[in-house]
Amino acid sequence: MRRPLMAGNWKMNLDRRGAVELAQAVRRHAEHASKVDVALFPPFVYLDEVAKVLAGSPVALGAQNMCDEPSGAFTGEISAAMLRDVGCRLVLLGHSERRHVYGEGDALVARKLRAALAAGLDPVLCVGETLTERDANRTEEVVRRQTLAGLEGLEPRDMSRVTIAYEPVWAIGTGRNATARQAGEVHTFLRGVLAGRFDDGVAQTTRILYGGSVKPDNIRELMAAPGVDGALVGGAALKAASFNSIIDA
Ligand code: PEP
């Protein structure tokens, strides 16, 4: 049975006080939400502070990105071990803003994913097509390629620590979410990709989140789509009231 996960990606938003207050409000709420897992992905500089707020709570802490190298002369980068050191359990990898704004390719994302696993962080691999790719009927080709490349070199047993997030690029931060039908189609397709690459067991147990303009008023419909195991939420995770009502859905 796959337990739903509601994950809040704060991106480059909030200040120290706002981060602490939001984490406190989510913690209070999540302590009564026994049916879902909850995770928060604050900016790097607030991880330490938010970790203190979340200590001993059911809310997991994650980072939005990491370096593929373990240590050394990589100015401006943050390693998986550093993230573990400040209390992270999870890390987002291959988010569309990393791929499309900062040019991260499949090979780099795959190296990061292996480095995360080696350091004891559980990766959330983000995949998704652009509008041009969807319009050209290339959605399946793109998400298959990103998924297989990201999971390169993994054994079936590694997959118990991996979450996949299907995030159509055209739906992220645009207010235009995928329909439940569109999300369900891609989630079902991705389970087929996992079955082919690993086995049916992996396909049925891997958590696949949907992300892209998730809000309190569309979460129920999206969660009802086949194979949707939760949501990766950006804008609507920046206010306790909206993220908490997504948790309740
Ligand atoms: C995201 O950051 O992964 C995301 C889906 O953002 P939004 O919910 O704002 O579309």
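Here, residue 1 is the first one in the sequence, and each next residue gets the next number. All ligand and atom numbering here is 1-based and tracks the order in the structure. Below, each value reflects all heavy atoms present in this structure, side chains not excepted, and no hydrogens, waters or symmetry copies.
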Notebook entry, point to check: Applying the salt bridge (charged side-chain N to carboxylate O under 4.0 Å, His left out) test to Arg207, which of Asp122, Asp229, Asp37 qualifies?
Noted result: Asp37
Notebook entry, point to check: Using a threshold of 4.0 angstrom between heavy atoms of the protein and any atom of ligand 1, which residues qualify?
Noted result: Asn9, Lys11, His95, Glu167, Ala171, Ile172, Gly173, Gly211, Gly212, Ser213, Leu232, Val233, Gly234, Gly235
Notebook entry, point to check: Do Asn9 and Leu92 have side chains that get closer than 4.5 Å, going by heavy atoms?
Noted result: yes
Checklist line | side-chain contact (heavy atoms from CB on, under 4.5 Å) between Glu140 and Glu129, worked out | finding: CA-CA 8 Å; Glu140 293 189 349; Glu129 81 287 2; over 6 Å; no
Next item on the list: Heavy atoms only: give me the nearest Gly62-Leu47 pair and the separation to one decimal.
Entry: O-CD2, 3.4 Å
Next item on the list: Please check if the side chain of Asn244 supplies one atom and the backbone of Ala241 the other of a donor-acceptor pair under 3.5 Å.
Entry: no
Next item on the list: Give me the other members of the hydrophobic cluster that Met12 sits in, counting Ile, Leu, Val, Met, Phe, Trp and Tyr linked by side-chain heavy atoms under 4.5 Å, directly or via other members.
Entry: none
